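On a predicted model such as this, the values are computed, not experimentally measured, just so you know. Lettering of chains follows the sequences in order, A, B, ..., and the numbering in each one begins at 1.
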Protein chains: 2
Amino acid sequence: MTAPFDSMWADLEPVGRDPRGGYRRFAWTDADATLREWFAAEAARRGLSAVADRAGNQWAWWGEPSAAAPGVVAGSHLDSVPNGGAFDGPLGVVSAFAAVDLLRSRGHVPSRPIGVVNFGDEEGARFGVACAGSRLLTGALAADRALALTDADGVSLARALGRQGLREPAADPAALGRVGTFVELHVEQGRALTAPVGVATEIWPHGRWRVTLAGEANHAGTTPLDDRRDPMLDLAALVTAARAAAAARGVLATVGKIEVDPNGVNAIPSEVRAWLDCRGADPDAVAAVLADLDRFAPRQESWTAATVFDPALAARLSGLLGGAPLLPTGAGHDAGILSAAGVPTAMLFVRNPTGISHSPAEFAERADCHAGVTALADVLAELTR
Amino acid sequence: MTAPFDSMWADLEPVGRDPRGGYRRFAWTDADATLREWFAAEAARRGLSAVADRAGNQWAWWGEPSAAAPGVVAGSHLDSVPNGGAFDGPLGVVSAFAAVDLLRSRGHVPSRPIGVVNFGDEEGARFGVACAGSRLLTGALAADRALALTDADGVSLARALGRQGLREPAADPAALGRVGTFVELHVEQGRALTAPVGVATEIWPHGRWRVTLAGEANHAGTTPLDDRRDPMLDLAALVTAARAAAAARGVLATVGKIEVDPNGVNAIPSEVRAWLDCRGADPDAVAAVLADLDRFAPRQESWTAATVFDPALAARLSGLLGGAPLLPTGAGHDAGILSAAGVPTAMLFVRNPTGISHSPAEFAERADCHAGVTALADVLAELTR
């Protein structure tokens with residue numbers, strides 16, 4: 001597998017580099033278009049038929065799936081967060097193509113079609129909705145709501161698509177109907193996995209809240225401390241309280257995004273907006289954190305209940321892979337969206353030695369990546385016996 | 001005075017409105033060019049000779065000043081902070097033109113030339129250096145350093161000037177030499193002034209520091225709290241500590257500007273940068289605050305020692321104005337730069353009933369503004385008897 005596997009990485013390596021480190025591969029940008037061209041070329045190189053669905057996802061099929069005879073699909077996404085790593089997303093797509101190569105080299109003849117997928121806009125880094133491509137596909141995200149989303153420059157999703165010469169997205173039940181089983185391989189994002197490859201049990205419930213901290217704009221040099229309504233102090237209190245509440249409740253809470261108006265050195269801000277990400281195994285504990293922060297009036301922007309992957313499938317794959325560890329994750333994935341839509345779904349994780357992801361420092365050992373490809377090929381072979 | 005005074009405000013009112021409130025009149029933008037055209041037209045309307053100096057400032061002269069016979073100059077600036085108010089800057093320029101009108105209506109024949117000035121880029125909102133026009137004029141800011149300054153979009157000052165068809169700035173000792181005395185009228189920026197008009201004694205020493213808080217980028221959903229290096233927590237500690245230190249030392253400290261990388265909802269930041277503004281009557285107390293914050297390694301970006309305005313001139317003007325209150329200010333002004341360059345300088349403040357400035361809510365009563373024009377005319381008459 002080594003030669004084509006390495007060559008795929010080499011082709012992807014320069015696409016969408018972020019000048020401040022890592023990758024900036026936002027949906028419907030020129031970098032994204034280059035990644036889609038790469039995907040179509042990899043499909044063509046293998047004689048797979050590449051098709052785009054109405055929801056902005058790309059599929060490459062070995063065989064001809066139908067609603068009556070749906071296929072087994074592997075894949076992930078190619079977009080990134082700002083300053084993202086090389087593995088989150090691309091590892092799953094590259095490994096799927098490599099697994100097809102490995103199956104063919106073994107002479108495997110699949111009993112059902114095998115597909116490779118590249119889901120569009122998984123990170124939601126540009127328009128704020130994670131897993132937008134898979135949510136559109138399944139209908140979990142309405143097309144009219146998606147089209148009205150805007151990026152940080154005020155560009156709507158509709159306009160971004162138009163700039164790339166693409167038509168408006170829509171739910172695509174026909175494309176979804178061709179997916180009999182979905183297996184997403186992904187780099188692990190914590191340090192919980194100590195074997196090279198593991199199998200996911202569930203995705204924690206998770207949500208995002210927006211907190212608007214109102215102040216009174218004023219001059220930093222002339223306003224006595226006692227006369228101030230400085231929302232930066234409220235931000236400090238929110239950050240501190242969120243961390244304490246999360247620790248007390250045994251879940252994760254993060255304030256990772258901030259907007260300050262007017263954001264001037266000598267201006268007491270008129271408003272600070274902060275986004276809170278909170279998740280954990282127990283949804284009641286997450287709710288308790290939000291209750292602890294009630295005085296900041298957090299407004300929910302999204303909430304995703306726990307996704308429990310098909311337990312029988314997970315157990316079967318773990319057994320097939322020689323007792324691969326079963327573990328949950330706190331990160332959302334397209335696999336969660338498909339599972340929620342009723343598609344039998346599994347996830348394979350490749351070990352992350354540092355636990356770092358969403359960072360230029362994200363890393364997986366080469367030997368573990370190879371083990372991932374072998375495991376994925378074994379799973380696809382098992383599911384298309 | 002009412003008709004031309006009102007008409008000047010009406011002409012300025014629509015220029016450079018910020019869609020989020022107030023004004024956005026940054027230096028060397030189209031809005032700034034419109035304000036400069038307005039200044040030249042007001043000069044022409046009065047038969048004053050309008051000239052631009054090499055440092056980006058505009059002058060309108062009644063009479064012909066020279067180094068041997070320098071004039072008395074009134075004025076301020078027309079640019080704004082983001083979401084700035086209508087008065088900070090324009091009140092001084094409009095009042096200077098209105099004072100010329102009032103002097104002429106009284107039949108005053110000045111013994112020395114009288115000038116009106118519009119200093120360029122006083123707020124430093126775009127390129128980060130406050131009082132850039134007056135600093136360039138006096139040589140306090142070197143031209144080559146100014147030209148290399150960049151705005152938030154990476155546009156250099158040199159390029160911004162080129163876009164407006166302007167030549168490169170330089171110190172202009174000849175233009176400075178035409179200023180015998182400078183009087184800046186400005187809206188007060190706190191609530192310390194309870195009379196309609198006051199006279200400034202000094203500008204507090206003030207400085208800006210940059211704090212870089214390093215973290216480790218990671219996924220908000222998969223990184224245990226104990227494994228995190230989250231610089232947002234350090235920001236919270238900095239904001240809280242700065243406020244406590246300022247209160248303890250009896251000075252002002254403000255964190256008004258923040259930059260977060262990558263600023264993603266589900267990403268623990270890799271870095272947070274914060275700017276600290278600190279000032280007060282006692283420079284030793286400011287130094288003590290910075291010492292209190294030493295663990296955050298603040299890096300000084302600017303420091304301006306106290307400016308004490310000519311005490312004899314301040315006392316004379318206070319007496320002339322019927323015992324107008326004498327008061328210090330925490331805000332920097334072009335008057336401070338000229339005073340530091342050895343020009344006899346005074347400032348008149350117009351009462352600010354709310355103390356709010358650098359905000360769309362900045363306000364001065366109409367009657368107080370009229371009192372300011374009368375006071376400025378009286379001062380100019382006294383200084384050109």
Winner by heavy-atom pair count (cut-off under 4.5 Å) against chain A, out of [options]:
| options | result |
| --- | --- |
| Glu188(B), Glu123(B), Arg191(B) | Arg191(B) |
| Leu233(B), Leu238(B), Asn83(B) | Leu233(B) |
| Ile268(B), Asn218(B), Asp277(B) | Asn218(B) |
| Leu276(B), Asn266(B), Val255(B), Asp261(B) | Asn266(B) |
| Gly128(B), Pro262(B), Ala274(B) | Pro262(B) |
| Pro82(B), Gly21(B), Ala242(B) | Pro82(B) |

Interchain contact, [X] with chain A, by part (heavy-atom threshold 4.5 Å):
| X | value |
| --- | --- |
| Val251(B) | backbone |
| Ala125(B) | neither |
| Leu235(B) | side chain |
| Asn352(B) | neither |
| Ala130(B) | neither |
| Asp18(B) | neither |

Contacts of Arg229(B) that satisfy side-chain hydrogen bond (donor to acceptor under 3.5 Å, both in side chains) - sequence neighbours left out |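 For Arg229(B) there are no side-chain hydrogen bond (donor to acceptor under 3.5 Å, both in side chains) partners, ignoring immediate neighbours.
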I'd like to verify something: which residue of [options] has the highest number of heavy-atom pairs under 4.5 Å with chain B?
| options | result |
| --- | --- |
| Gly256(A), Cys278(A), Gly330(A) | Gly256(A) |
| Gly264(A), Gly190(A), Pro269(A) | Gly264(A) |
| Asp230(A), Asp227(A), Thr329(A) | Asp227(A) |
| Glu259(A), Glu301(A), Arg20(A) | Arg20(A) |

For Ala236(A), all residues meeting side chain to side chain contact (heavy atoms under 4.5 Å, CB included), sequence neighbours excluded = Ala236(B), Val239(B), Thr240(B)
Working to the nearest 0.5 Å, report the span between CG of Leu252(B) and OG1 of Thr223(A).
->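 Interatomic distance, Leu252(B) CG to Thr223(A) OG1, rounded to 0.5 Å: 7.5 Å.
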Spacing of His219(B) atom NE2 and Thr254(A) atom OG1 [to the nearest 0.5 Å] = 9.5 Å
Under 4.5 Å from any heavy atom of chain B, what part of [X] do you find: side chain, backbone, both or neither?
| X | result |
| --- | --- |
| Val265(A) | both |
| Ala220(A) | both |
| Arg24(A) | neither |
| Glu216(A) | side chain |
| Pro224(A) | backbone |

What residues of residues 201-210 of chain A sit under 4.5 Å from chain B when only non-hydrogen atoms are counted?
->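 The stretch touches chain B at Trp204(A), Arg208(A).
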Interface residues of residues 357-364 of chain B facing chain A - non-hydrogen atoms under 4.5 Å apart | Ser357(B), His358(B), Ser359(B)
State whether the side chain of Arg243(A) and the backbone N or O of Leu225(B) hold a donor-acceptor pair below 3.5 Å, judged by distance alone.
-> yes
